[in-house]
Engineer: 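Supplied in structure tokens, the structure appears directly below.
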Amino acid sequence: MAPTTDSDSSTAEPLIRFRAARKEFASGAVAVEGLDLDVLPHELLALVGPSGCGKSTTLRMVNRLVEPSSGQVLLEGEDVMSVDAVALRRRIGYVIQHVGLFPHRTVTQNVTTVPRLLGWDKRRAAARVEELLDLVGLDPATYGRRYPHELSGGERQRVGVARALAVDPPVLLMDEPFGAVDPEGRRRLQVEFRRIQQTLGTTVMLVTHDIDEAVSLADRVVVLSRGGVVEQVADPVTLLARPANAFVEQFIGTGRETRLLGFGRVERRDLEAVDGGFGLVKDGAAAGSVALGASLDDALAALSGAGPAGVTVVDDGGAVVGRLTADGLLAALRRVTSPS
Ligand SMILES: Nc1ncnc2c1ncn2[C@@H]1O[C@H](COP(=O)(O)OP(=O)(O)OP(=O)(O)O)[C@@H](O)[C@H]1O
């Protein structure tokens, strides 16, 4: 089946553009056959696909850690091969799984490496470290003087992100950045990272083999098959609701509907009136309650413990605004899967 592109209709000029970009290694292995892909300004684009499909190679062609054999990679309209590689890499943040902090340098020294190379004076660099450590949730007074071996995996990863953001690069490349962090810390880091990315407006290409990470973080997800072949480019809901072909469907795996629940919210239109009108629950059958605006997976969890009368729904002030039943939940889910 032909690749499907469901772009979010942005008309912005791409910040990164792959044009028939191909990589054949000296061994003869063709990692990427000829990729056409646009990355839009300020978006978080996730690359997913099975092991060996060419995700890392694609990413590394942007900062020239891998040089395309043919075709082009353009950054802000400029062929990366025509830019000095060192200067190019200073414009592009790069975060990898084992973050590669310098072991004999403190957190502060690690974060200020590139600013110092760029000739920033000490005071400006120090101010930037404070700002960045705050941003990634590490207290500068506590962590600035520590060495990498005195940090947890998650803390090291945060320092890696701070270091990559030090000179406020327009582009951040991330290769399995949260891979080495335990599941709970990972979720927290993901959420915080997304907030930081949206605050700064950084354009991010994120490589992950974890479809859940991709759909929960990205604006658009690119599913690749072997040879860097684009099987689908879509926003997460479209990807989950309408996989372009059997490959994508199989890659996403089971539980698509459950994942979609996370994208929907309980709205007033899904509710039934409670007996005796709004504001007071007279119908004692409705057990438990859920907040208006709660995600549909939270609503499902509440509903699973309730009878057919469903659960009461309360607003911010705690007033009962209606009752959610399985029918209401289904209606809300349909809205997610088939947006009007
Ligand atoms: N330096 C290299 N020399 C030769 N072949 C390579 C080299 N780097 C990668 N490859 C091959 O290119 C293909 C794509 O590799 P790549 O690392 O881009 O895949 P990936 O999708 O990132 O994989 P993973 O999810 O396992 O990290 C693989 O078949 C790999 O063996």
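Because only heavy atoms are used, hydrogens play no part in the values below, and waters and symmetry mates are left out as well, while side chains stay in. What you see is a predicted model; the values in this text were computed from it and never measured. Every number for a ligand or one of its atoms is a count from 1 in the order of the listing.
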Engineer: Run down the list Thr208, Thr57, Leu65 and name the one with the heavy atom closest to atom 16 (P) of ligand 1.
Structural biologist: Thr57
Engineer: Is Ala31 in polar range of ligand 1, meaning some N or O pair under 3.5 Å apart?
Structural biologist: no
Engineer: Does some non-hydrogen atom of the protein lie less than 4.0 angstrom from atom 23 (O) of ligand 1?
Structural biologist: yes
Engineer: Does CD in Gln250 sit with more than 12 non-hydrogen atoms of other residues, nucleotides or ligands closer than 6.0 Å?
Structural biologist: no
Engineer: Taking N or O atoms only and a 3.5 Å limit, does Ala29 qualify as a polar contact for ligand 1?
Structural biologist: no
Engineer: Would you please determine whether Gly49 falls within less than 4.0 Å of ligand 1 on a heavy-atom basis?
Structural biologist: no
Engineer: Going by the order shown, which atoms of ligand 1 are within less than 4.0 Å of some heavy atom of Ser27?
Structural biologist: 4 (C)
Engineer: Just to verify, which of Arg265, Arg323, Arg335 counts as forming a side-chain hydrogen bond (donor to acceptor under 3.5 Å, both in side chains) with Asp270?
Structural biologist: Arg335
Engineer: Is Thr58 close to ligand 1, meaning an N/O of one under 3.5 Å from an N/O of the other?
Structural biologist: no
Engineer: Return yes when Arg226 approaches ligand 1 closer than 4.0 angstrom through a heavy atom, no otherwise.
Structural biologist: yes
Engineer: Below 3.5 Å, N or O to N or O, backbone or side chain included: is there any such pair between Gly54 and ligand 1?
Structural biologist: yes
Engineer: Under the 4.0 Å line, does any protein heavy atom show up next to atom 13 (C) of ligand 1?
Structural biologist: yes
